[in-house]
Amino acid sequence: KVDALFFEQMLGNAQLSQSQFNRCKQIMIESGGVEEARRLLEVSCGDAERIVKESNLPMELKTYLLGLIIFLKTRKS
């Protein structure tokens, strides 16, 4: 409960200190937020990939968009 309150207070704080940032990051990891975000990213990228492949877009654009999807799926935060 204390972590949730702290996290809510930090949202939108443009002056976040490094220690506040680190605590927020730790809260996100421990709460499962990071893992859930990764799961949602996989689902969204899968949907996007299917839509691009089934589209009538020019092949050059499809290739670009599929590359972007791969980048999003494999980038590290």
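Note: hydrogens, waters and symmetry copies are ignored here, and every other heavy atom, side chains too, is used.
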Worksheet item: Could you state the interatomic distance from CD1 (I70) to CD (E49), rounded to the nearest 0.5 Å?
Response: 7.0 Å

Under 3.5 Å, sequence neighbours excluded: what are the donor-acceptor pairs made by side chains of residues 4-17?
| residue | atom | partner | partner atom | Å |
| --- | --- | --- | --- | --- |
| N13 | OD1 | Q15 | N | 2.8 |
| N13 | OD1 | L16 | N | 3.4 |
| S17 | OG | S19 | OG | 3.2 |
| S17 | OG | Q20 | N | 3.1 |
| S17 | OG | Q20 | OE1 | 3.2 |

Fill in: Trace of the side-chain contact (heavy atoms from CB on, under 4.5 Å) decision for V34 with K25
CA-CA 9 Å; V34 171; K25 184 177 175 181; over 6 Å; no

Worksheet item: Under 3.5 Å, side chain of S31 to main-chain N/O of M28, donor-acceptor pair present?
Response: yes

Worksheet item: Rounded to the nearest 0.5 Å, how far does CD1 of I27 lie from CG of N22?
Response: 11.0 Å

Worksheet entry | Distance (rounded to the nearest 0.5 Å) between I51 CD1 and L57 CG | 11.0 Å

Discussion item. Salt bridge (Lys or Arg N to Asp or Glu O under 4.0 Å) for E36 and R39? Distances and angles first, verdict last.
Written reply: CA-CA 5 Å; E36 179 64 8; R39 187 191 70 75; 2.8 Å; yes

Worksheet item: Are any of the side-chain nitrogens in E42 or R38 under 4.0 Å away from the carboxylate oxygens of its partner?
Response: no

Item to complete: Output yes when a side-chain donor or acceptor of K62 lies under 3.5 Å from a complementary backbone atom of S55, and no otherwise.
Response: yes

Item to complete: Kindly compute the distance separating OG1 (T63) from CG (L68), expressed to the nearest 0.5 Å.
Response: 12.5 Å

Worksheet item: Nearest 0.5 Å, what's the CD-CZ distance between Q18 and R23?
Response: 15.0 Å

Worksheet item: Would a 4.5 Å heavy-atom cut-off, applied to side chains only, mark Q26 and D3 as touching?
Response: no

Worksheet item: Nearest 0.5 Å, what's the CD-CG distance between E35 and L40?
Response: 10.5 Å

Discussion item. Could you report the tightest heavy-atom contact between C45 and L72, atom names first, then the distance?
Written reply: SG-CB, 4.2 Å

